[in-house]
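See below for the structure under consideration.
First the proteins, then the strands, lettered A, B, ... as listed; each starts at 1. Every heavy atom of this structure was used, including side-chain atoms; hydrogens, water molecules and symmetry mates were not.
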4 protein chains.
Amino acid sequence: MKKREVPASVKDERLVKKRRNEMIKGAISLFKQKGFHRTTTREIAKASGFSIGTLYEYIRQKEDVLYLVCDRIYDEVRERMEKDIDTHHGTIESFKLAIAHYFRVVNELQDEVLVMYQEAKSLTKDSLPYVLNKELQMVGMFENILQACVQNGVFELTEQEIQLFAHNIFVLGQMWAFRRWALHKMYTLEEYIELQTDLLLRGILEKRS
Amino acid sequence: MKKREVPASVKDERLVKKRRNEMIKGAISLFKQKGFHRTTTREIAKASGFSIGTLYEYIRQKEDVLYLVCDRIYDEVRERMEKDIDTHHGTIESFKLAIAHYFRVVNELQDEVLVMYQEAKSLTKDSLPYVLNKELQMVGMFENILQACVQNGVFELTEQEIQLFAHNIFVLGQMWAFRRWALHKMYTLEEYIELQTDLLLRGILEKRS
Amino acid sequence: MKKREVPASVKDERLVKKRRNEMIKGAISLFKQKGFHRTTTREIAKASGFSIGTLYEYIRQKEDVLYLVCDRIYDEVRERMEKDIDTHHGTIESFKLAIAHYFRVVNELQDEVLVMYQEAKSLTKDSLPYVLNKELQMVGMFENILQACVQNGVFELTEQEIQLFAHNIFVLGQMWAFRRWALHKMYTLEEYIELQTDLLLRGILEKRS
Amino acid sequence: MKKREVPASVKDERLVKKRRNEMIKGAISLFKQKGFHRTTTREIAKASGFSIGTLYEYIRQKEDVLYLVCDRIYDEVRERMEKDIDTHHGTIESFKLAIAHYFRVVNELQDEVLVMYQEAKSLTKDSLPYVLNKELQMVGMFENILQACVQNGVFELTEQEIQLFAHNIFVLGQMWAFRRWALHKMYTLEEYIELQTDLLLRGILEKRS
DNA sequence: TATGAATGAGCTTTCATTCAT
DNA sequence: TATGAATGAAAGCTCATTCAT
């Protein structure tokens, strides 16, 4: 699925990129504080360092900003994941590392994840599929890792189980961001990583030391 | 923590209750479709079957509707849970039943759960704590069940692990609602219940038949 | 000019009188605090000790309350004036006493005078003449006193001068109420009375002891 | 005491000045007819020649219009006074001229004076002091004139008497506007000026030709 | 006669979007 | 390409008034 294009009046591609970067940065910081709906286009323009008129040279509607922001956040998460993660090792160790790394990325991009998490539903029917697709791609990353492990005989999981497990990992990672009001009081990030990894791997039926 | 009171101009308590029920019902159906911010007070009034003036006899601000809605949804979920769930049995069977029951309740109240899930963040600083507190109470329900199992020697879990596990169950239940765009294509509810229960209990390290 | 009648649905004249008294009392205290426009009919009803429905049994419109209030305040001032003032003596002493008495009445009914003063303009075209007429009657009182003095040879004033002088006295009395923010810091009531009387009588050209 | 600043969204200072002038002009004409409370912001915008949105680019709240109006009226009165009045001559003639001039200014700005007079009380607690302060400054102008006369030995007045006298002049001037319903039937402006000057100066005790 | 729930016109204010400069 | 003044639809909310009980 191709990126949805957000048309700009300005022709200079490099300029568009530059301005949109400023825009996204400004918008994220605002959405963090007050959410998409309570943020005005004027505020976005100001936070981006240009005028309201200029803002509209690079987007058509306010909602475009949200799309751009969501798009960017996913790219950011993906990028950080791909830089350090190997999806085809197929060992427990690599699996654990992948989870730990994902959780740390979520932790670093906590605010961003939260924004996307809470505001994605405000996307129009048009843009939503593009964003959901990106989410599926990320889930797919975990599926690949699990698949490799299964192929290596490390785990024994059906295809269905793999998919669900991948979703679980993805959501349990985000959970660190969207339930921080509860979790951060109870655990440090590293404790959270260890506990979750442990629960995921061994289940709870019986404890082995 | 006591309920936050939403003051009404109308004195007749029974009438207040009745009208607010109509209001909540109307509002949920609107919030489902367009979210809190895109729903106008006039629409809420209309969907509730009375005029805008009357609406404001029963609330002070638009945000009160959201609070009332969230409050109601939690009560609804809790009520259904408490009716059929026994938190002190402490057997695997009762644990499984609790999960299955919770997942089914989420399934029935899918739209409501989704609404609360997506709109709770729009609550004011005032009301948010009350709603979060209700959420913690629900998590507490799962903690109790787990605790009973641990005391019966069925599971071996530390206090920390119990808490996290309870959060996981809670979120994985909600997940059936907020990721339905992906999950409902893959599983029926009963499959989802069985798979999740299985993953939660046995972990994935090794499969036993 | 006859009193403008404010029609009531209730027939019992004594009841109408009683309820309107409560109403006027409540309304004055509210108008003092927030002015006519910022006071709601509900507030008036509450302050009067009955329900909004009942309020409308005794008036037709909100503006009726204002008329009733203005009417009452004038009656109050007049009554207090007439009780203690003799308009036909025609001596300087009686003139001075009249002024002093008037100023003291204004002082006692300060808030009421202020209300009438500030809100009278909100009366409808219908009621305004009745109220202005009452004002002219009060001015007439001072005209009579001055006339008596002139006839006694105490003052030497033309008819035109008498009329203007009467207006001046009337306004300079009210001034104690509507400029209290400035005057009360500078003078006590008695000082104010003495100074004004002195200025009015002797003028300022030359001082005699 | 510095002017209270009314913030505008529009940056161009000259434009702000121009638009606010249009606004003030439109608002005064409306306030004259129906008073501040019965005038809507839309009406103000329309009378000013721009849209409601534009109105709010130049003020924050409706009350700002009232403040701007009151502020302007005082400036207008002051300006006209200062242009033609000499406060330090200290002769009877200059005193008489000052009064006559002031009364003529009130006459010219009759509607404006009336508006300010009747609506000032609707100013918020915030702005009121600024406006009252302007009023005191105007009173101060008369104090100066009187002071000069006293120093020249023309009048014999204590400090207290000067202050009160200045207030009297100020109010008796405004009276020409706010009691015009009565006074204009009785006198022409010039008659009013002459009569008032005469009464103020000589008092009424005895008449000298 | 007294009540107070219901009404909806109408208010102030905001803000996404446009367009002349 | 950049600006920001102008726009007006539409939002949240109030309150005088009515009328069934």
- Among F/dA6, E/dT3, E/dA6, the one nearest any side-chain atom of D/Val10 is F/dA6
- Closest to the C/Lys11 side chain: F/dA6, E/dT7, E/dT1? E/dT1
- Of the non-hydrogen atoms in A/Ser127 and A/Tyr67, which two are nearest, and what is the gap between them? CB-CD1, 3.4 Å
- Stacked cation flag A/Lys62 on A/Phe36, 6.0 angstrom / 45 deg: yes
- Given protein heavy atoms under 4.0 Å, the one-letter contact record of nucleotides 10-15 of chain F, with B base, S sugar-phosphate only and - none, is simply BSBBBB
In whole angstrom, give the distance that lies between atom [atom1] of [X] and atom [atom2] of [N].
X: C/Leu55; N: E/dT1; atom1: CG; atom2: P; answer: 16 Å
X: B/Arg14; N: E/dA5; atom1: CZ; atom2: P; answer: 14 Å
X: B/Lys46; N: E/dG8; atom1: NZ; atom2: C1'; answer: 14 Å
X: D/Leu30; N: E/dT12; atom1: CG; atom2: P; answer: 12 Å
X: D/Tyr58; N: F/dG4; atom1: OH; atom2: P; answer: 13 Å
X: B/Asp12; N: F/dT21; atom1: CG; atom2: P; answer: 14 Å
X: D/Leu15; N: E/dT21; atom1: CG; atom2: P; answer: 13 Å
X: B/Arg20; N: E/dA5; atom1: CZ; atom2: P; answer: 13 Å

Can you check whether [X] reaches [Y] side chain to side chain, under 4.5 Å on heavy atoms?
X: C/Leu123; Y: C/Tyr130; result: no
X: A/Glu63; Y: A/Ser122; result: no
X: B/Asp111; Y: B/Ile28; result: no

- Message: Using modelled atom types and a 3.5 Å cut-off, is there a donor and acceptor pairing between side-chain atoms of D/Lys11 and backbone atoms of D/Ser9?
- Response: no
- Please confirm whether the backbone N or O of C/Gln61 pairs with a side-chain atom of C/Asp64, one donor and one acceptor, at under 3.5 Å? yes
- Tell which nucleotide pairs with E/dT21, taking only Watson-Crick or G-U wobble pairs whose two distances are both under 3.5 angstrom. F/dA2
- Paired nucleotide for F/dA11 [Watson-Crick or G-U wobble; both distances under 3.5 Å]: E/dT12
- Message: For a quick test of reading the model: is some side-chain N or O of A/Arg19 closer than 4.0 Å to OP1 or OP2 of F/dA2?
- Response: yes
